[in-house]
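The next block holds one structure in the form of structure tokens; read it before the comments.
Since the structure is predicted, the reported quantities are computational estimates derived from the model, not experimental observations. In what follows, every chain begins at residue 1, and chains take the letters A, B, ... in the order their sequences are listed.
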2 protein chains.
Amino acid sequence: MPVATSIKPGPRPTMVDVARVAGVSVTTVSYVLGGRSGDPTASRISDGTRRRVLDAVEEIGYRVNEPARNLRRNRTDRVLLLMDRLSSPYEQHLATDIESRLIETGRSLSVMVCTTVERLDHCLGMVRTGLADGAVVQCRAVAGAQAVLDAYAREHIAMVAISNVLRPNGFDVISNDEAPAIEEAVDALVAAGHHRLGFLAHDAVTDLPDSRMEVVRRRLAVHGIDLPDAMVRSGARDRLAAFASTRELLGLPRPPTALFAASDTGAISAIWAALAAGRRVPEDLAVVGCGNIDECRVTVPQLSSAGPDRPDFSPIAAMLLDRLANPSFAESRHVHLPWTFFPRQSS
Amino acid sequence: MPVATSIKPGPRPTMVDVARVAGVSVTTVSYVLGGRSGDPTASRISDGTRRRVLDAVEEIGYRVNEPARNLRRNRTDRVLLLMDRLSSPYEQHLATDIESRLIETGRSLSVMVCTTVERLDHCLGMVRTGLADGAVVQCRAVAGAQAVLDAYAREHIAMVAISNVLRPNGFDVISNDEAPAIEEAVDALVAAGHHRLGFLAHDAVTDLPDSRMEVVRRRLAVHGIDLPDAMVRSGARDRLAAFASTRELLGLPRPPTALFAASDTGAISAIWAALAAGRRVPEDLAVVGCGNIDECRVTVPQLSSAGPDRPDFSPIAAMLLDRLANPSFAESRHVHLPWTFFPRQSS
DNA sequence: ATGAAAGCGCTAACAT
DNA sequence: ATGTTAGCGCTTTCAT
């Protein structure tokens, strides 16, 4: 393992120290360590000199001082990933995928959690402030994000947002084409004879309007079926809250015969709540989730879900890299990712 | 909302611009913005001047340049949280809790994912390199971490590790006192008449030795019961893998009558695998998990689990702050957090 | 193929 | 109460 071997205590050595030990100038050290590969200046250092410098670095345990380098270069080669939470499998995927693509281009990723607009503003301010060169924003739960992103885009901050509500405006947007899949799921439930549906939303109805709920409601209307607010509960984001909300719905005088959840994790809790209440799934309560996470295929019964076949995050890093390469990138792109309805045992 | 209002395009303004607009020196600007509250120098600025400076900042949309400030101050007021994955509820908790405590002291947190020693070394190198002032390390799946942390501790990098295997050595360690609770769970299973146990480990037996499995094995031995390798499967970390592993165990000629999983999420998948195979839980297969996550209380049947009553992360930030305040902090502390066995319906 | 030197934007000792 | 100034460690232009 090439791991932290030659670290010595004491004040951190600088390039001056390396230069002294190697018997060369700091310029030379900088050129050796700058790693501008493919650069014409790469060949200005002879192999012997390069070796001496690298040996000196090794000997005294030198590491470049990032703030100094960043100050001088006026960039950090770092990208921020702003998310409104960490805990879903989706976020895990997103982070590792983007990171691996950034690493290929010599960059790195750091993650910050933003649950409020103020915090989002603060974090984007940090990239403006030199903490990072750009940001990927995945904050569906944050209301008012459009204005913030608009403002930073005006400042030419490189940003890509993953959102179904944000409109590209100096930044790019990846959105999921959820509606067709959700409508298909609704149609399937109606075709199976359901006409009393419940909906498990992410947030309280009074908060952020739940776009998935709106799609469901509109589609039900097409079938002449109503989705009254009394049949809507919040908490899809939280496994415990989803359980409690479903129990509430099942306790209604005329409980729903089918439940549509804005998330798969919420739907799974709903299945448990139904089973715990002595109902059968799908016979007494059909359940459909959103997201099509892996877990859908191991639950009992397996969870029907509307979601991407397999999440594809590749456009995200690609678009951000475009913007990083060209800070005054003019075009604002909008990429739509397809969703599909995957009927399984729970509906 | 106090959000990104006065951002203007063009080259980012510096303190010199603020000073010019406000009609004061850069020193004054620095003192106004430095925010050394409680500092004797805080009172050197008159209220009128302070106002003029803040107005100028607002007017031209100035934001401090972090790399420059960090270079000069030789600190970043930033802490790194290194985790081997993001997706569990535990990680979500950890991150938000530590962050809120850091914010109270004017610091911020960024998260990086480290699944290998090399990456851990790289990320800790980044704090040495000036990306952050210290790190919290939560990488149970990373073998060889001890040597890396030892090395950086020698460099006086402020670190706190959450681990049951790392020994404090220039850094602090938080560990969970898992053994008593796990032993109690084993005793309960044995008392219930189980003598054929399966174990769902985090990793393959050939990889990292699973400390929880060792405890289980030793405790079973006390009861004169063997835990053969044939009854051990890996994949507790991954819901799909855990499902497949459990199915394998149940397919054995003499399947286990009880299953101990190294994680709650693994145990939940195991319950599903059992149900999917037509077994009843706990009658045909008793299941116990580790971690006592919230989800245990909503599964059907509710999951018995060994874990903390409620996770308490407060010592982590506290210890790190001590080290940040005093870089040559001598003591290496080891905090033990208690675990309890919570019997529920699944066993 | 290598070196000297001018800053990047900021902070803080040291004036006044 | 406010200003002058010398760097922090690095990159990069321009010489040689």
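- Look at A:Ser46 and you won't find any side-chain N or O under 4.0 angstrom from OP1 or OP2 of C:dA1.
- Under a cutoff of 6.0 Å and an axis angle of 45°, A:Arg128 and B:Tyr62 do not form a cation-pi pair.
- Of the candidate nucleotides C:dG3, D:dC10, D:dT5, D:dC10 has the atom lying nearest to any side-chain atom of A:Tyr62.
- Proximity note for A:Arg73 (side chain, C-beta onward) versus D:dT11, C:dG9, C:dA1: the nearest is D:dT11.
- Taking only side-chain atoms of B:Leu71, from C-beta outward, the nucleotide of D:dC8, C:dC10, D:dC10 with the closest atom is D:dC8.
- Listed nucleotides: D:dC10, C:dG9, C:dA4. Nearest to the side chain of A:Ser25: C:dA4.
- Shown here for A:Pro67 and B:Thr129, the closest heavy-atom pair between the two residues is CD-O, 3.3 Å.
- A donor-acceptor contact under 3.5 angstrom links the side-chain atoms of A:Arg72 to the base of C:dG7.
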Inset, instruction - Take A:Tyr152 and A:Asp121 through the test side chain to side chain contact (heavy atoms under 4.5 Å, CB included) and record every step on the way to the result. - result: CA-CA 9 Å; A:Tyr152 283 102; A:Asp121 185 31; 2.7 Å; yes
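- Atom C1' of nucleotide D:dT11 and atom CG of A:Asp77 are separated by 13 Å, given to the nearest angstrom.
- Counting only residues at least two apart or in different chains, salt bridge (charged side-chain N to carboxylate O under 4.0 Å, His left out) contacts with residues 78-88 of chain B comprise B:Arg85-B:Glu91.
- If you measure from atom CZ of B:Arg50 to atom P of D:dT2, you get 10 Å, rounded to the nearest angstrom.
- One atom, CG of A:Asp47, and another, P of C:dA1, lie 10 Å apart when rounded to the nearest Å.
- Heavy atoms only, all atoms of each residue included: B:Ala135 and B:Val127 are closest at CB-CG1, 4.3 Å.
- Using modelled atom types, one finds no donor on one side chain facing an acceptor on the other under 3.5 Å when comparing B:Thr27 with B:Ser30.
- Checking D:dT5, D:dC10, D:dT11 against the side-chain heavy atoms of B:Val26 singles out D:dT5 as nearest.
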Inset, instruction - Determine, stepwise, if the pair B:Phe171 / B:Phe329 fulfils ring pair (Phe, Tyr, Trp, His ring centres under 6.0 Å). - result: CA-CA 9 Å; B:Phe171 56 91; B:Phe329 198 85; over 10 Å; no
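- Applying the side-chain hydrogen bond (donor to acceptor under 3.5 Å, both in side chains) rule to B:Arg52 yields no partners; only residues at least two apart in sequence or on another chain are considered.
- With C:dT2, C:dT11, D:dG9 as the choices, the nucleotide that has an atom nearest any side-chain atom of B:Arg69 turns out to be C:dT11.
- Listed pair B:Thr28 / D:dA1 fails the phosphate criterion, with no side-chain N or O lying under 4.0 Å from OP1 or OP2.
- At whole-Å resolution of the value, CG in B:Leu33 and P in C:dC10 are 9 Å apart.
- For the pair A:Asn65 CG and D:dG7 P, the computed distance is 18 Å after rounding to whole Å.
- Counting to the nearest Å, the C1' atom of C:dC10 and the CG atom of A:Asn74 are 14 Å from each other.
- Distance B:Ile45 CD1 to C:dA12 P: 13 Å, rounded to the nearest Å.
- Where A:Val16 and B:Thr49 meet DNA chain D, the nucleotide closest to each residue was compared, and B:Thr49 sits on the side nearer the 5' end.
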Could you list the protein-to-nucleotides 13-16 of chain C atom pairs, N/O on both sides, closer than 3.5 Å?
none

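- Rounded to an integer number of Å, the gap from A:Asp17 CG to D:dG9 C1' is 11 Å.
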